[in-house]
Amino acid sequence: MNDMRPIEMQHWFTIGRLSDIPRRGARQVILPRGPIAVFRTQTDEVYAIEDRCPHKGGPLSQGIVHDGAVTCPLHNWVIDLQTGNAMGADQGCVRTYRTRTDENGLVSVSLAGPAG
Amino acid sequence: MARKLVVIGNGMAPGRALERLLEQAPDAYEITIFNAEPRVNYDRIMLSPVLSGEKAYEDILIHDDVWYADHGITLKKGCKAVGIDREAKTVAGADGSVVPYDKLLVATGSSPFIIPVPGKDLEGVLTYRDLDDVEAMLAAADKGASAVVIGGGLLGLEAAAGLKERGMDVTVLHLMPTLMERQLDAAAGYLLERAIEARGIKVVTGANTHEIVGDTRVEGVRLDDGAEIPADIVVMAVGIRPNADLARQAGLEVNRGIVVNDAMQTSDPDILAVGECVEHRGHCYGLVAPLYEMAKVVAERLLDKEAAYQGSVTSTRLKVTGIDLFSAGDFSEGKDREEIVLRDAVGGIYKRLVIRDDRLIGIVLYGDTKDGAWFFQLMKDGTPIDEMRETLIFGQNYAGGTPLDPTAAVAALPDDAEICGCNGVCKSKIVGAITEHGLTSLDGVRARTKASASCGSCTGLVEQLMAMTLGDGFTPDAVQPMCGCTDLGHDDVRRLIVAKELKSIPAVMQELEWKTSCGCAKCRPALNFYLIADWPGEYQDDYQSRFINERVHANIQKDGTYSVVPRMWGGMTSSAELRAIADVVDKFGIPTVKVTGGQRIDLLGVPKEDLPAVWADLNAAGMVSGHAYAKGLRTVKTCVGTDWCRFGTQDSTGLGVKIEKMMWGSWTPHKVKMAVSGCPRNCAEATCKDFGVVCVDSGYELHVGGAAGMHIKGTEVLCTVATEAEALEYCAAVVQLYREQGRYLERIYKWMDRVGLAAIREQVVEDAEKRTALFEKFLYSQRFAQKDPWAERVAGKDAHEFTPMNRIAMREAAE
Ligand SMILES: Cc1cc2nc3c(=O)[nH]c(=O)nc-3n(C[C@H](O)[C@H](O)[C@H](O)COP(=O)(O)OP(=O)(O)OC[C@H]3O[C@@H](n4cnc5c(N)ncnc54)[C@H](O)[C@@H]3O)c2cc1C
Ligand code: SF4
Ligand code: SF4
Ligand code: FES
């Protein structure tokens with residue numbers, strides 16, 4: 001099969017409940033092409049990004065979440081959860097995924113294009 | 001001939017729609033209303049004043065019996081509609097009646113959500129929705145009994161305040177860490193919690209209801225953590241659900257609520273719906289303002305006029321007398337947003353405005369809500385705020401005016417204005433002291449006048465007074481701020497945590513006027529440590545503010561796997577332990593096993609998911625966490641001393657084990673490594689440790705402040721003591737002093753450089769009373785710290801840390 005197809009397709013996957021993710025925390029969702037990190041901020045915003053720091057591949061899901069950003073556990077780069085860009089002086093970017101939370105608290109991610 | 005209109009439900013939404021309709025065309029319809037509640041239309045949002053006794057039911061009526069009679073409306077009180085026949089266009093009532101319609105308006109509102117716990121059906125478990133609920137609560141309140149309110153949202157807090165007014169003993173249980181988290185951010189939620197508690201209502205956050213206990217009647221509520229709170233009534237106020245069953249049975253399109261278009265029509269064009277039961281463009285509303293906007297459109301449409309409902313922006317106010325709170329819009333964070341935060345800790349005021357693309361999109365006001373309406377209007381109108389940005393947060397009065405220069409503002413204060421509330425120091429006294437004594441530093445002012453010497457919240461004002469008086473001659477003390485979130489240095493933050501009795505991270509951020517809403521990766525771990533160190537047993541550890549290693553009790557490695565180091569007391573192990581370790585290595589295919597510099601065995605390359613299972617096996621062999629990951633006690637290295645060595649003077653191994661048993665689990669500003677050597681040959685390298693003991697013939701030489709990392713530093717000798725017991729006491733006292741004074745991530749040697757060895761000697765060696773106090777404080781805090789974190793996690797704590805949230809297989813992902 002063509003492994004690249006789902007990336008291009010707009011498709012939503014339900015991955016669990018909002019309450020499964022701690023506030024100011026993250027959980028991993030494992031995909032065949034590698035894990036993504038799904039974050040929940042203090043104010044219940046949900047963001048999903050590739051779980052690989054643009055610096056040296058640190059698992060961003062293990063970092064400290066503050067406001068709309070995460071600090072990488074390996075060397076403290078700060079990544080903006082909405083854009084996937086490294087903040088401050090650091091240069092780099094991770095892939096972002098769109099998410100949505102329905103009124104019952106079910107969280108889905110779109111494995112299609114980057115977050116709008 | 002008039003057309004026939006049937007209305008199901010008689011709440012505020014259809015009430016408003018009928019008013020609008022009748023104003024325009026009093027005779028257009030012959031109207032019949034089915035109302036499950038046995039009464040007329042009343043103002044539901046005023047139930048709380050009825051509960052508290054500020055109002056009576058008669059005061060909150062919207063339409064009395066005369067109104068229905070005057071308009072020729074048939075109101076079927078206490079008669080539920082039980083079926084809609086869309087073919088025949090009739091509605092069947094519970095009394096057997098069948099009423100035909102040309103147009104039908106469904107307005108069934110919503111019903112309270114009942115959490116499905118055991119005991120939910122017991123007598124005395126109530127909801128908060130209508131007058132019957134209020135009457136049931138009042139009946140119980142008369143007995144002067146106790147109440148538990150489940151839910152710390154708008155309704156729950158109003159219920160709690162009302163019941164308290166009636167003399168009940170009230171506890172609010174809230175699942176989330178802060179109150180009204182849907183409307184408020186954590187800082188405002190904290191202020192609210194304090195205000196609620198100040199009126200004698202107990203608040204338990206993070207409370208998960210496990211069970212409601214009692215035989216036939218409620219007797220109490222049991223939480224997941226086992227705590228039980230006695231209760232004569234339990235009020236559930238955890239949320240509402242649109243009442244859409246009837247519509248669903250009639251085959252109308254229903255998602256969460258009854259789906260309507262912009263014309264307020266359901267999937268059947270002759271059936272309209274209005275109020276909390278509807279879902280419009282994916283939204284269900286729970287406040288009256290949007291329902292009234294819908295009602296307007298319904299009335300027009302019933303008269304076949306053009307009108308469209310386009311959704312609403314809502315705002316919330318809490319109706320508890322004496323608490324001012326307003327929130328509206330979207331106040332989540334995001335890169336495209338900016339925020340303006342104003343915190344006035346003394347006045348108990350907190351304001352936060354969220355701005356995107358030069359427009360206001362979110363508002364949280366606490367303590368001072370008088371500008372709520374103005375902000376809300378700016379938000380709804382999408383008014384560009386560029387022009388008034390500088391003064392926006394100060395409200396309408398300042399809008400458009402010239403921005404305030406803070407020094408000018410202080411200059412404008414009268415001479416007798418009080419600057420320091422704690423010590424009652426006024427402006428003229430401070431200015432006088434500065435000129436008279438030629439003071440140029442904040443410390444000088446503090447020493448002379450006491451201003452800003454206590455809680456420190458007036459420091460900014462005092463500095464502005466100095467700037468005003470001294471002009472260019474004033475350079476503020478260069479304190480290195482903790483991080484970009486505050487101007488305060490570590491020492492000030494530590495002092496204020498104690499002085500102001502701040503016991504949570506939101507409390508610190510609120511009271512000390514943090515500039516960000518939830519800190520950063522620098523300040524949060526530091527605050528978490530300070531709070532743990534200062535409030536043992538009281539402070540609830542915030543795991544989300546810990547670095548990953550301390551959160552999952554293992555060391556993250558560069559490939560994202562973890563290393564596991566079991567504790568080996570004083571570096572001692574046994575064949576049984578080694579065998580168990582070997583078994584774990586085989587069973588989990590652990591790639592690397594290494595001996596560490598601190599005499600421990602390190603198992604490297606364990607995937608996160610395997611950690612609990614690895615620990616379970618190590619626990620089973622009697623081993624616990626070695627805290628190799630912690631800003632805390634790591635290891636106590638020992639030599640073999642008198643047990644085996646021909647030079648040994650004391651039992652260095654035994655003392656090392658005792659120290660480790662006393663110290664393990666303690667959290668410290670940075671890692672702490674120790675060692676005990678049996679004689680001055682110092683085989684355990686005790687003179688480059690944070691704390692070291694070198695045994696000598698006469699007793700124990702105690703060393704502090706060594707390091708052998710990026711910096712190499714030999715220890716200084718603190719003193720020599722005669723007995724093991726003293727060695728233990730001094731060791732704990734030094735570490736406790738470091739816990740109280742050290743800045744986060746400051747090793748012991750750096751702390752010692754800063755405060756001086758003399759100061760440590762003074763407090764630990766010369767002042768016996770202080771030493772004992774430090775020792776006791778340390779032992780007390782250890783009562784809460786010495787729990788094996790591995791065993792807790794093997795038992796299921798923080799299970800979410802160790803499993804992915806989900807796995808999506810390729811096949812599924814390709815569909
Ligand atoms: C204590 C309290 C305080 C509140 N405070 C505020 C506030 O400060 N600000 C604010 O904006 N909002 C507040 N609200 C919310 C507000 O009251 C509601 O949004 C509003 O009343 C909903 O109106 P409604 O007409 O849609 O539904 P409801 O008022 O719920 O009316 C629905 C009616 O339909 C009846 N019914 C249901 N099914 C049937 C059937 N099959 N046949 C016949 N009748 C049926 C029900 O018995 C009920 O009387 C508060 C609510 C409560 C309970
Ligand atoms: S430090 Fe002294 S007692 Fe300990 S092993 Fe070395 S020589 Fe022996
Ligand atoms: S010395 Fe450097 S490379 Fe080696 S373990 Fe320590 S930090 Fe890592
Ligand atoms: S890998 Fe993320 S900061 Fe280095």
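Source: prediction; values computed, not measured. Every chain is numbered from 1, with letters handed out A, B, ... down the list of sequences.
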Contact check, side chains of A/Ile15 and B/Ile808, non-hydrogen atoms, under 4.5 Å: yes

Heavy-atom neighbours of B/Lys631 NZ exceed 12 at 6.0 Å: yes

Enter the distance from B/Lys522:NZ to A/Asn76:CG here, rounded to the nearest 0.5 Å. 8.0 Å

Between A/Gln42 and B/Asp185, is any pair of side-chain heavy atoms under 4.5 Å apart? no

Identify the heavy atoms of B/Ser545 and A/Arg24 that sit nearest to each other, and give their distance. OG-NH1, 3.4 Å

Any chance NZ of B/Lys797 has more than 12 other-residue heavy atoms, nucleotides or ligands included, within less than 6.0 Å? yes

Grab the two heavy atoms, one from A/Arg17 and one from B/Met805, that are nearest each other, plus how far apart they are. O-CE, 3.6 Å

Given A/Gly57, A/Pro22, A/Ser19, A/Ala69, the one with more heavy-atom pairs under 4.5 angstrom with chain B than any other is A/Pro22

Non-hydrogen atoms of chain B under 4.5 Å away: do they reach the side chain of A/Ser61, the backbone, both or neither? backbone

Top contributor to chain B contacts, counting heavy-atom pairs under 4.5 Å, from A/Asn85, A/Asp44, A/Val29, A/Asp20: A/Val29

Which atoms of B/Asp542 are under 4.5 Å from chain A, going by heavy atoms: the side chain, the backbone, both sets, or neither? side chain

Where does B/Arg551 contact chain A at under 4.5 Å (heavy atoms): side chain, backbone, both or neither? side chain

Is there a side-chain contact between B/Glu181 and A/Arg23 in this structure, where contact means two heavy atoms from C-beta onward sitting under 4.5 Å apart? yes

Please report the interatomic distance CZ(B/Arg807) to CG(A/Leu31), rounded to the nearest 0.5 Å. 11.0 Å

Look up atom CD in A/Gln28 and atom CZ in B/Phe802, then write down how far apart they are to the nearest 0.5 Å. 12.5 Å

Identify the two heavy atoms, one from A/Asp67 and one from B/Ser517, that lie closest to each other, and give their separation to 0.1 Å. OD1-OG, 3.3 Å

Taking A/Arg27 for its side chain and B/Thr803 for its backbone only, find out whether a donor-acceptor pair lies under 3.5 Å. yes

Can you establish whether the number of heavy atoms outside B/Gln540 located under 6.0 Å from its atom CD is more than 12? no

Ignoring hydrogens, what is the shortest heavy-atom contact between B/Gln544 and A/Ile64? Give both atom names and the distance. O-CG2, 4.1 Å

Provide the closest heavy-atom pair for A/Thr14 versus B/Asn806 in the form atom of the first, atom of the second, distance. O-ND2, 3.5 Å

Greatest number of non-hydrogen atom pairs under 4.5 angstrom with chain A, of B/Pro177, B/Gly282, B/Gly519, B/Pro525, falls to B/Gly519

By a 4.5 Å heavy-atom criterion (distance strictly below it), what part of A/Leu74 contacts chain B: side chain, backbone, both, or neither? side chain

Do you know which two heavy atoms are closest between A/Pro73 and B/Ile548, and how far apart they sit? CB-CG2, 3.7 Å

Got a second to check how far A/Gln82's CD is from B/Arg337's CZ, nearest 0.5 Å? 6.5 Å

For the atom pair SG (B/Cys520) and NE2 (A/His66), what is the distance rounded to the nearest 0.5 Å? 6.0 Å

Taking side chain as everything from C-beta outward and backbone as N, CA, C, O, which of these in B/Lys608 sits under 4.5 Å from a heavy atom of chain A? Side chain, backbone, both or neither. side chain

Report the distance from atom CG of B/Asp559 to atom NZ of A/Lys56, rounding to the nearest 0.5 Å. 14.0 Å

